[in-house]
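Below: one structure, written as structure tokens.
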Protein chains: 2
Amino acid sequence: MSKKSVSATSDTETRATSEHATDLRLWLRTLACTNLIENHIRSRLRTEFDITLPRFDLMAQLERSPQGLKMGELSKRMMVTGGNVTGITDQLVTEGLVVREDSPKDRRAYIVKLTPEGRRSFRKMAEAHEKWVVDLFGGMDEKQRDQLYELLALLKSSAAQAAGKK
Amino acid sequence: MSKKSVSATSDTETRATSEHATDLRLWLRTLACTNLIENHIRSRLRTEFDITLPRFDLMAQLERSPQGLKMGELSKRMMVTGGNVTGITDQLVTEGLVVREDSPKDRRAYIVKLTPEGRRSFRKMAEAHEKWVVDLFGGMDEKQRDQLYELLALLKSSAAQAAGKK
DNA sequence: TTTTGATACTTTAGATATCGATATTTTCAT
DNA sequence: ATGAAAATATCGATATCTAAAGTATCAAAA
């Protein structure tokens, strides 16, 4: 007894099951791409600049916000917990790449900023980092990259909404 | 090398810079999507099943390979280092969810398998997990998801090639 | 056989990560 | 005002995670 192929005739239950499976495959592929790229970048940051990815990421956030950022802001933007940001910041302070300044508006908070050396150091790494990313995405043409960019915007808002409602 | 459609007024340098910037944005958006989804799944696995994401991932690999997998295979498929797999496996063995069996072919290797309890436990979690993923991708229609799936295939091979050459 | 190199896994050290608890400060409703 | 609730950051415990070094085994050549 052979099963009919899932097509226009599939009932609700069959369709639901099949959608589950395809969504799962889609998610696993998304994850695989990210891990592939992230592992590569992590490895090169280490071998070529002797820095870890989390430290680089934190510095990247600060470079984009020259006025500095509160710990909580960093936590939100890096999508990691506050305790984690505390640890990474501690390391970068030890290395002299960032500083904690007291916030004049809120005595609970710190403002984290790049030091001049941190900024200089980051700029050099960022230049190489951009090249790596260009290479990693180089197998796609401009139209495909644009399409991917738009689809990921959809995914981001879809996931944000679903995650928000919980 | 294929021709790229570029606005007539941009010179080479401008184009290069702008491509760098757009690729970087594309990568950051990819990363943001993955983190968003991953954090949500991690959180729900913890609150609803009291399990960590890495443990769930390892079990998922084993469920797909009922004959069991060697540590090295797990390492490759999960895209993490061997030492990491050792630790996660240790935890799961302690919890009675997986077992290490000696490989009959190679005394250096183990075959890791789900225990009956591990399989039972995983199936229950996987069902919920799939629902979460369906919800997270629910804001995209079928065509968009298909497109995303295909574009990610391109990205995967592009990144794999670039990462391979180094 | 013995050596040699590669492979499979573990162990170690260091740096991230999370979660829950805590201390301090701010905000806000009364 | 003032007390409760919320916000900010840190700390301690535990769990990942990587890179590198170490152990055991395999496979093939000398």
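Just so we're on the same page: letters track the sequence lines, and every chain starts at 1. Hydrogens, waters and symmetry mates play no part in the numbers below; they use all other heavy atoms, side chains included.
Cluster note: A:V99 groups with no other residue, as no ILVMFWY side-chain heavy atom lies under 4.5 Å from it. When hydrophobic residues (I, L, V, M, F, W, Y) are linked wherever their side-chain heavy atoms come within less than 4.5 Å, the members clustered with A:M79 are B:L36.
Between the CG atom of B:D50 and the C1' atom of C:dT18 there is a distance of 13 Å, rounded to whole Å. The distance between atom CG of B:D106 and atom P of C:dT10, rounded to the nearest whole Å, is 13 Å. The interatomic distance linking B:I51 (CD1) with D:dT16 (P) rounds to 9 Å, in whole Å. Per the geometry, CZ belonging to A:R44 stands 18 Å off C1' belonging to D:dA19, to the nearest Å. Between the OH atom of B:Y110 and the P atom of D:dA24 there is a distance of 12 Å, given to the nearest Å. Remark: P of D:dT18 and CD1 of A:I41 are 15 Å apart, rounded to the nearest angstrom. The separation between A:N35 atom CG and D:dT16 atom C1' is 14 Å, rounded to whole Å. Protein atom CG of A:N39 is 6 Å distant from nucleotide atom P of D:dT18, rounded to whole Å.
With hydrogens and angles ignored, a donor-acceptor pair under 3.5 angstrom links the side chain of A:R108 to the base of D:dA7.
Note that the CE atom of A:M59 and the CG atom of A:D57 stand 11.0 Å from one another [nearest 0.5 Å].
Under the side-chain contact (heavy atoms from CB on, under 4.5 Å) test applied with B:R123, the options B:M125, B:E127, B:R119 reduce to a single match, B:R119. Just one residue in the list B:E38, B:R44, B:R42 forms a side-chain contact (heavy atoms from CB on, under 4.5 Å) with B:H40, and that residue is B:R44.
Under a hydrophobic clustering in which Ile, Leu, Val, Met, Phe, Trp and Tyr are joined whenever their side-chain heavy atoms come within less than 4.5 Å, directly or via other members, B:V112 and B:I88 fall into the same cluster.
Of the residues in residues 84-101 of chain B, B:N84, B:I88, B:Q91 come within less than 4.0 Å of DNA chain D through at least one heavy atom, sorted by number. Within residues 52-65 of chain A, no residue has a heavy atom under 4.0 Å from DNA chain D. Against DNA chain C, the stretch residues 71-79 of chain B makes heavy-atom approaches under 4.0 Å through B:M71, B:G72.
For the OP1/OP2 pair of D:dT8 and a distance below 4.0 Å, the side-chain nitrogens and oxygens of A:K70 include at least one atom meeting the criterion. Put simply, A:T81 has a side-chain N or O that comes within less than 4.0 Å of OP1 or OP2 on C:dT18. Between A:R107 and C:dT24 there is no side-chain polar atom (N or O) within less than 4.0 angstrom of OP1 or OP2.
The pair A:R108-A:D102 does not count as a salt bridge, with every side-chain nitrogen at least 4.0 angstrom from each carboxylate oxygen. Taking 4.0 Å as the cut-off between side-chain N and carboxylate O, A:D90 and A:R100 count as a salt-bridged pair.
Sorted by first and then second residue, the pairs that involve residues 124-145 of chain A and meet ring-ring contact (aromatic ring centres under 6.0 Å, His included), not counting sequence neighbours, are A:F56-A:H129.
Residues B:R29 and A:A153 come closest through the heavy atom pair NH1-CB, 3.2 Å. Residues A:Q144 and A:G139 approach most closely at OE1-O, 4.4 Å, considering heavy atoms.
Counting heavy-atom neighbours within 6.0 Å of B:D50 CG, excluding the residue itself, gives a total of 12 or less.
Residue A:A109 places its side chain closer to D:dA9 than to any other of C:dC9, C:dT24, D:dA9. Among C:dC19, D:dA19, D:dA6, the nucleotide with an atom closest to any side-chain atom of B:R46 is C:dC19. Residue A:S43 has its side chain nearest to D:dA19 when only D:dA19, D:dT10, D:dT8 are considered.
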